[in-house]
Structures are given as C-alpha cells and as structure tokens.
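See structure below.
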Amino acid sequence: MLIQFFYTLRAARLPVSVKEYLTLLEALQAGVLDDDAGPTVDKFYALARTTLVKDEALFDKFDRAFAAYFKGVELITDLVKTLPPEWLTKQLERELTPEQLAELKAMAWDELMDTLRQRLEEQTERHEGGNRWIGTGGTSPFGHGGTNPRGVRIGGPGGQRSAVKVWEQRAYKDYDDQIELGTRNIKVALRRLRRFAREGSELELDLDDTIHKTAANAGMLDIRMVPERHNKVKLLLLMDVGGTMDEHVHRVEELFSAVKSEFKHMEFFYFHNCVYDHVWRNNRRRFSEKTSTWDLIHKYNRDYKLIFVGDATMSPYEILQPGGSVEYNNEEAGAEWLQRLTHAFPKHVWINPEPAGVWQYRQSISLIQQLMQQRMMPLSMSGLEQAMRVLNR
C-alpha cells in the first residue's frame, strides 16, 4: 500500500527520495504509532510528513497528495502553462472603426475635464446611446456602460477599466487580519525577512554557556541566563483597497494576517489605486480620519521596510497627473508621492496580486514598475521569497 502512496507523492511533484521512504518504513516497524489508542490516520499523517517533507513550503502540496490517496480527494498537480496573449485581451463589446477610435482617443486630460464641466452646465435630461452627453451605453466620454477608451466613468459598474477618472460614492471594507486558511506558506516566505536581537530582562536559559561555566567550575552548577530574542524587523505596509482590488481580497487578507502574526513592529495603512497626500487605517472613516503621507515619512525611520500591496491597475493619469485621483482633486501627482516614499524608505518592494503574465498589457503597471526601480513581485510563494531577499539586501 505504501509503495503506491510513495508514487502518489512523486506524481504530486514532491521531492521524496527512496531513503526518506525507507525511514518512514523503519519508523512504522519500530512501533512509533503504537500506543494505548492504537494507530490512526492522523498519527500516520504526522509521521509521514515529518519523515518525507523537509521543506515547510511543501506542506500544502503534501496535504493535497495525502488527502488524494487516503481520503479520496481528487489530486490536482501544479501545471504551469503559457497562455496565448489573445486569451487575456478583452475585445470591445461594441465594434468601432479605426477612425472612430482615433477620434475618441484624441481628447487630452485638460480638454476632457473642461468638456465635462461644460456638459454639466448644458445638459438638462437623461441620455442613452449617444456620443456627446453624460449618459449610458454610448461612445460619449462621460457616463458608464458604453465604449470609450479614455472617458470619465460616472456611477455604474466598470467594464473595460479604461476610464481615466471615476466619480462615484464608494464604500470600502477593511481587510480581515484574522484569516488563517492558506497563510502557512506565506508565513514561511516572510520568515526569511526576520532578524532577531536580544533585549529586555534575562528570562531565557543560555544552555551552551551554562554547560561551559559548570564544567569550568568542576561540576558545580552555574546557570546562565540571557534576554529573550525578539524580532527586530520593522514593517510599513501600504495596501490598495477597493475597485479592481476586490478580485484579490482573499489573497491579500491571507498576506495581511500572516504579516501581523510574524512581525511585532508593523504599521499598516490603506490607499486606493495610488498613494497621494494622505492614507487611512479604517475604510469606514477614511474621509474623517486621514493620516498625512508626510506624517508617515517623518514619523517612521529609514530602518522601516516599506511594502506596497496593490494591482497597480488604473488610468495612467492617476499616477502622472495632478487631479488624477478617482476620489478627489489631488494637488500633486501620485508619482511624486511614490518617489518621496521610496526615497524615505530605501528598502521597499511592491507586491502585485495580478498574474505577472498580464503586467506587460497594463500601462499603469509599467509606470509603477519604473517608479519602484523594478522592485515589483507577484503575490506568490516565489514572488514573496524574492521580495524578502530584496528587502534583506
């Protein structure tokens, strides 16, 4: 039976060797599982994982393979495929001629804002399907539900993510920092960043020094104590929330929960799409309880490691233009604030939950990558490990 179990683990791409398999058999023959309650599947699971898996990062993969063999769960191996670019590119819902598209793209930012002010003054009724007034279903740059590659979405759901500005009342929800499922591998990756130092009262036994001093005193016990070890790494976590980030809530919550459990010195704030002159801690009170971005720069020392978490998916105007924010008229461009933050905190990275395969198709992602000196990594195990190495340099 266990030979087939061994083959199941290998089929799941676990690096299990014959030597480790023989160690498991020796443990079973030695009666490791024998006690008053008798052997159980749970006991065998603990023994098998201890003897066969040497890397904590593979625990989840082992769990799936174990369940597939002993509990009848379908085995899903990790297959990585390169998707054709056309699979990731959404076609326009409404067909336009090249001349029509060129005309729609011709309007620049200042002209777009001036035209919107003029439309608000002139329009007196609802419009649908047109190309001029604020309405729905048309090619006008103003409204929603239609087609325009560089318009202003006013209310309604987004579709093609092409709006350069969005005006609507939004309610964001704080990320849950108590999520436990799926955080184990994230914790393993984050531990590469930890740095311990001893501080405080002497509460921990120094076994090596105790043995050395006792031997030096001809066997007279000489107990030596040292201060406890504490994680000294300091993190400043800035997380994008709302809009396109709604698709990634669960994964970001897993990351947030893992970070809070692994690092004692951690401060977090929220932003939307791009960081501007203020951030916030509570999304329900984001308009009344703001924290100045200048305060972050002045309050936290340069030894804090800065981590941005966001999909960097927005209009390029939100990064490059004053007034580009989708919620208010920011006086300075988002790019200015990103440069100030990365200068204030030299150890910085950007974690992006969007698949790396689509980054090249998003102009805003390319802009953020440039502002971050290419320190953008995907929200994956390998991406997190790479980010931790960058922060440790």
Side-chain angles (χ1 to χ4, degrees), residues 78-92 149 153 157-166 170 172-173 175-176 179 182-183 185-186 189-190 237-259 268-276 279 283 306-320 324-326 334-335 338 341-342 348-391:
D78 295 329
L79 300 177
V80 179
K81 296 182 178 180
T82 302
L83 296 178
E86 59 269 24
W87 290 17
L88 303 173
T89 304
K90 184 178 180 182
Q91 299 297 318
L92 289 176
R153 178 160 63 85
Q160 301 170 25
R161 299 181 181 178
S162 60
V164 300
K165 192 170 182 65
V166 179
R170 297 184 176 190
Y172 304 148
K173 180 181 178 182
Y175 290 127
D176 188 352
I179 296 293
T183 61
N185 282 349
I186 297 176
L190 292 175
L237 185 65
L238 302 183
M239 297 178 289
D240 186 5
V241 64
T244 56
M245 283 298 293
D246 289 345
E247 302 173 12
H248 310 293
V249 166
H250 183 67
R251 297 174 64 205
V252 176
E253 285 182 335
E254 290 179 344
L255 175 64
F256 187 26
S257 179
V259 169
F268 72 92
F269 296 90
Y270 295 107
F271 65 94
H272 179 60
N273 284 358
C274 190
V275 178
Y276 301 109
V279 292
N283 281 297
L306 176 60
I307 299 179
F308 296 91
V309 180
D311 61 5
T313 299
M314 67 196 89
S315 164
Y317 288 110
E318 296 180 55
I319 304 171
L320 301 175
S325 169
V326 299
L338 288 176
L341 285 166
T342 54
H348 57 267
V349 295
W350 186 294
I351 306 297
N352 194 330
E354 281 285 292
V358 305
W359 291 3
Q360 60 181 315
Y361 304 105
R362 307 269 174 84
Q363 184 179 359
S364 59
I365 294 181
S366 297
L367 290 172
I368 295 295
Q369 283 183 300
Q370 294 175 20
L371 292 168
M372 297 297 297
Q373 295 87 46
Q374 304 302 319
R375 299 182 190 180
M376 180 181 287
M377 292 81 181
L379 181 50
S380 63
M381 281 301 299
S382 60
L384 288 175
E385 291 176 354
Q386 182 183 359
M388 297 308 104
R389 287 194 292 269
V390 170
L391 292 175

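Taken from CD in Q369 to CE in M377, the straight-line distance is 10.0 Å, to the nearest 0.5 Å. Atoms OG and CE, on S325 and M314 in that order, are 10.5 Å from each other to the nearest 0.5 Å. Here the CD atom belonging to Q363 is positioned 8.5 Å from the CD1 atom belonging to I319, to the nearest 0.5 angstrom. Note that CG of N352 is 5.0 Å distant from CD1 of I365, once rounded to the nearest 0.5 Å. Remark: L338 CG to Q370 CD distance equals 12.5 Å, nearest 0.5 Å. The line from CD1 of I351 to CE of M239 is 13.0 Å long, rounded to the nearest 0.5 Å.
With contacts defined as side-chain heavy-atom distances shorter than 4.5 Å, the pair H272/D240 qualifies. Within the 4.5 Å cutoff, no side-chain heavy atoms of T342 are placed close to those of L371. Contact check for F308 versus I368: no side-chain heavy atoms found under the 4.5 Å cut-off. The shortest side-chain heavy-atom distance between V259 and I307 does not fall under the 4.5 Å cut-off. For the pair L341 and H348, the minimum side-chain heavy-atom distance is 4.5 Å or more.
Here the closest non-hydrogen pair linking E318 and G324 is CG-O, 3.1 Å. Listed here is the closest heavy atom pair of V275 and V279: CG1-CG1, 4.2 Å.
Without hydrogens or angle criteria, R251 side chain to P353 main chain gives a donor-acceptor distance under 3.5 Å. Between the side chain of S364 and the main chain of S315, no donor-acceptor pair closer than 3.5 Å is present.
Under the 30°/60° scheme for interplanar angles, the aromatic rings of W350 and F271 are found to stand perpendicular.
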Exercise for review: For the pair L379 and L384, evaluate side-chain contact (heavy atoms from CB on, under 4.5 Å) and give the outcome as yes or no after the intermediate values.
Suggested key: CA-CA 6 Å; L379 181 50; L384 288 175; 4.2 Å; yes
**Study point:** Candidate pair F256 and L237, rule side-chain contact (heavy atoms from CB on, under 4.5 Å), full reasoning
**Key:** CA-CA 9 Å; F256 187 26; L237 185 65; 3.9 Å; yes
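Among M245, E247, E354, the one residue that satisfies the side-chain contact (heavy atoms from CB on, under 4.5 Å) test with T313 is E354.
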